[in-house]
S.K.: 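Got a structure here, written out as structure tokens. Questions coming.
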Amino acid sequence: MRGSDKYRDLINKIINMKIEFEKRRKQIMKMVGSNAAIIIPCAMPCTRSRDVDYLFRQDSDFYYLSGFEEPNSLIVLIPERAEGEFILFCKNKDKLKEKWDGPISGPEGAIMNYDVNEAYPIEKIDEILPKLISEKEFLYCPVNINREFDQSINNWIKNNNKKNNCNPEIITVSHLLHDMRLFKSQSEISIMRKAAKIAAIAHRRAMTIVKPGMYEFELEAEFIHEFRKYNANHSYNPIVGGGKNACILHYISNDSILNDGDLVLIDAGCELSYYASDITRTFPINGKFSPEQRDIYNIVLSAQKAAILKVKQGNQFNEPHDIAVKIITEGLKDIGLLRGSLSSLIEKRAYNRFFMHRTGHWIGMDVHDVGDYMVEDQWRLFENGMVTTIEPGIYIDDDEDIPKNFRNIGIRIEDMVLVKNNTPDILSKNIEKELNNIEDIIKN
Ligand code: GLY
Ligand code: MN
Ligand code: MN
């Protein structure tokens with residue numbers, strides 16, 4: 001692409017995103033109606049140690065509606081307000097602060113660049129916000145998530161109540177907003193596909209360099225390298241677990257040596273432009289699966305493939321898990337790690353000893369994304385535009401009753417799957433999972 005084409009492409013992307021943010025605001029305002037106002041607080045900066053903060057990351061709901069990334073801000077949406085529906089409170093510009101920490105939009109910049117109709121300095125919120133919401137019957141906002149924010153809402157209402165006897169009902173906005181977020185637009189899907197591609201390249205790098213005697217963190221370094229090359233960051237703490245560490249589901253210390261003959265399980269994904277990828281691959285450190293590792297790998301892979309095929313419009317969310325449970329139980333029975341009839345092993349959940357987590361979760365702006373899994377006590381049906389992970393696993397501890405060669409094998413295979421009519425669309429398909437292909441990558 002030539003320089004000018006690249007520039008035009010970037011401008012088009014920005015315009016498209018602005019249209020999308022506006023469409024979302026209109027949609028949520030339509031849902032709540034003209035008797036209501038919506039208030040969304042931003043994320044809180046968080047201290048890491050002493051005067052060092054964690055990297056600030058805007059709250060997903062806040063970003064979803066605005067694209068505005070600065071802390072100390074708050075969105076107010078007032079449907080059908082003649083003077084404008086989108087109001088933002090944010091930090092004022094401050095030359096000295098900007099010298100240290102970088103540019104601040106300020107109210108004028110927010111109006112100019114984020115399609116805000118009215119913007120005010122955050123310091124004026126107690127004075128201005130109660131007036132904005134004074135005639136509303138309903139206030140939609142996150143409830144019981146941020147105590148400081150809950151307190152502020154109560155104060156603003158109390159303030160109004162004293163002056164003009166107004167007492168709006170507070171309703172959680174999360175269900176409405178999160179149901180919108182569950183359905184991904186074309187532009188969201190294309191970012192997620194890219195986030196998956198970046199993570200896939202990193203997984204391949206790890207397979208290419210792995211050797212007995214390396215440390216887990218040396219493989220982790222490959223992910224940091226690849227993610228930062230694309231201005232992405234980890235979407236969660238990566239798991240790089242060799243041998244028995246692969247059996248610890250939330251292992252994140254990643255500081256052990258990788259031993260000849262063991263497998264390594266890597267669960268790592270990135271966040272790109274506020275969208276997460278989440279991929280797991282498991283492979284032999286010396287490049288060759290042992291017969292027992294091969295057996296277990298094949299069970300997990302069959303379960304994963306069968307579960308992916310269940311990600312179809314109209315199927316229940318639980319169908320991938322049910323089939324994964326069946327195949328894993330059958331497989332463990334075939335190799336003698338479970339004994340009894342298939343139906344009773346499933347009924348008694350005997351598989352829980354080796355497969356103790358669910359098969360998937362929604363993924364999007366958050367790695368464990370928002371959206372209900374049940375509707376009126378029934379599993380939700382898959383609909384086009386939803387994205388779920390499919391990640392069955394088998395984890396065999398170092399227990400006396402387990403034949404020696406099966407001990408300390410932990411295997412999970414995880415992909416991200418978009419619901420698309422009858423054909424599951426695997427967003428993370430760019431990284432191999434067939435046993436022989438994996439061995440070839442490591443060998444070469
Ligand atoms: N990496 C988190 C998960 O797989 O759920
Ligand atoms: Mn996952
Ligand atoms: Mn994962």
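Both ligands and their constituent atoms are indexed starting at 1 by order of listing.
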S.K.: Return yes when His368 approaches ligand 1 closer than 4.0 angstrom through a heavy atom, no otherwise.
M.R.: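 Within the 4.0 Å threshold, so yes.
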
S.K.: Under 6.0 Å from the NZ atom of Lys229, do we count more than 12 heavy atoms belonging to anything else shown?
M.R.: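 Above 12, so yes.
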
S.K.: So Phe355 and Tyr351, would you call those rings parallel, tilted or perpendicular, with 30° and 60° as cut-offs?
M.R.: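 Aromatic pair Phe355/Tyr351 classed tilted.
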
S.K.: Aromatic rings Phe68 and Tyr114: how do their planes relate, parallel, tilted or perpendicular, breaks at 30° and 60°?
M.R.: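 Judged by the thresholds at 30° and 60°, the geometry between Phe68 and Tyr114 is perpendicular.
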
S.K.: State the atoms of ligand 1, each with its element, that fall below the 4.0 Å cut-off from a heavy-atom position in Glu414.
M.R.: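 Near Glu414, the atoms of ligand 1 are 4 (O).
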
S.K.: Do Phe21 and Tyr63 have ring centroids that are under 6.0 Å from one another?
M.R.: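 Between Phe21 and Tyr63, which both carry aromatic rings, the centre distance is below 6.0 Å.
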
S.K.: Using heavy atoms and a 4.0 Å limit, tell me yes or no: is Val367 in contact with ligand 1?
M.R.: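 No, Val367 has no heavy atom closer than 4.0 Å to ligand 1.
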
S.K.: I'd like to know whether NE2 of His175 has more than 12 heavy-atom contacts from other residues, nucleotides or ligands below 6.0 angstrom.
M.R.: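 Counting neighbours around NE2 of His175, 12 or fewer heavy atoms of other residues, nucleotides or ligands fall under 6.0 Å, so no.
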
S.K.: Please indicate whether any nitrogen or oxygen in His361 is less than 3.5 Å from any nitrogen or oxygen in ligand 1.
M.R.: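 Yes, His361 has an N/O under 3.5 Å of an N/O on ligand 1.
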
S.K.: Salt bridge or not between Asp415 and Arg281? Use side-chain N to carboxylate O under 4.0 Å.
M.R.: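 A salt bridge links Asp415 with Arg281.
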
S.K.: Note the single closest protein heavy atom to atom 3 (C) of ligand 1, along with its residue, its atom name and the distance in Å.
M.R.: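 Checked against all protein heavy atoms, atom 3 (C) of ligand 1 sits closest to Asp278 OD2, 3.3 Å.
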
S.K.: Which protein N, O or S atoms sit under 2.8 Å from the Mn ion (ligand 2)?
M.R.: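 Within the sphere that stays under 2.8 Å of the Mn ion (ligand 2), the protein atoms of type N, O or S are Asp278 OD2, His361 NE2, Glu391 OE2, Glu414 OE2.
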
S.K.: Count the heavy atoms of every other residue, nucleotide or ligand shown that sit under 6.0 Å from NZ of Lys244, and state whether that count exceeds 12.
M.R.: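 Result for NZ/Lys244: open.
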
S.K.: Cation-pi check for Tyr64 against Arg24: NZ or CZ below 6.0 Å from the six-membered ring centre and within 45 degrees of the axis, yes or no?
M.R.: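 Yes, Arg24 lies over the aromatic ring of Tyr64.
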
